[in-house]
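Just so you know, these numbers come straight off a predicted model, no measurement behind them.
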Amino acid sequence: MSERIEISTEYIPLGQFLKLANVVESGGMVKIFLAEFDVLVNGELENRRGRKLYLGDTVEIEEFGTFEVVRDE
């Protein structure tokens with residue numbers, strides 16, 4: 001089962017998403033994190049911290065779990 005991460009905007013950059021999901025502590029850690037861990041967005045390997053995530057997108061990170069982008073209500 002995936003953890004649902006709520007956003008109130010149309011999209012969220014992957015770097016901000018990782019902070020919101022408490023995967024990294026700061027924005028400065030995102031680039032290093034993406035270099036060290038495989039991050040899959042909708043099943044495809046992604047290493048761009050600016051990748052836009054939209055409602056319904058899923059993010060899978062080995063050792064951290066699966067996350068789903070949902071609307072903040």
Side-chain angles (χ1 to χ4, degrees):
M1 176 146 192
S2 61
E3 182 177 343
R4 297 166 58 91
I5 303 298
E6 298 179 350
I7 64 170
S8 57
T9 56
E10 179 184 353
Y11 66 86
I12 185 170
L14 179 58
Q16 287 183 343
F17 179 85
L18 294 174
K19 289 191 309 184
L20 187 61
N22 294 316
V23 174
V24 297
E25 293 181 16
S26 71
M29 296 176 64
V30 172
K31 187 174 182 180
I32 296 167
F33 182 86
L34 291 173
E36 293 180 1
F37 290 89
D38 286 343
V39 176
L40 301 175
V41 175
N42 298 328
E44 296 182 13
L45 188 61
E46 184 59 69
N47 60 7
R48 298 172 294 164
R49 63 182 176 200
R51 163 72 187 263
K52 294 177 181 176
L53 302 176
Y54 295 90
L55 297 177
D57 283 349
T58 59
V59 178
E60 297 175 57
I61 309 167
E62 192 172 334
E63 299 179 28
F64 290 88
T66 301
F67 305 89
E68 181 181 0
V69 181
V70 297
R71 171 69 64 199
D72 180 11
E73 295 185 22

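Cluster membership for L40 and I5, using ILVMFWY side-chain heavy atoms within less than 4.5 angstrom, is not shared.
Residues V23 and I61 have side chains in contact (heavy-atom distance under 4.5 Å, counting atoms from C-beta outward). Taking 4.5 Å as the limit, every side-chain heavy atom of V39 sits out of range of all side-chain heavy atoms of N47.
Listed by chain and number, the residues in a side-chain contact (heavy atoms from CB on, under 4.5 Å) with K31 are R49 (sequence neighbours excluded). Residues that satisfy the side-chain contact (heavy atoms from CB on, under 4.5 Å) test with I32, not counting sequence neighbours, are E36. Listed by chain and number, the residues in a side-chain contact (heavy atoms from CB on, under 4.5 Å) with N22 amount to none (sequence neighbours excluded).
Sorted by first and then second residue, the ring-ring contact (aromatic ring centres under 6.0 Å, His included) pairs involving residues 25-45 (not counting sequence neighbours) are F33-F37, F33-F64, F37-F64.
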Can you list, pair by pair, the side-chain donor-acceptor contacts under 3.5 Å of residues 50-57, counting residues two or more places apart and other chains?
from : atom 1 : to  : atom 2 : distance (Å)
R51  : NH1    : E46 : OE1    : 2.8
D57  : OD1    : N42 : ND2    : 2.9
D57  : OD2    : Y54 : N      : 2.8

Only distances under 3.5 Å count here; give the side-chain donor-acceptor pairs of residues 11-19 to other protein atoms, sequence neighbours excluded, each with its distance to 0.1 Å.
none

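L20 and E6 get closest at one heavy-atom pair: CD2-O, 3.5 Å. The shortest non-hydrogen separation linking V59 to V41 is CG2-CG2, 4.4 Å.
Interatomic distance, CD of E44 versus CD of E60, reported as 11.5 Å (0.5 Å rounding).
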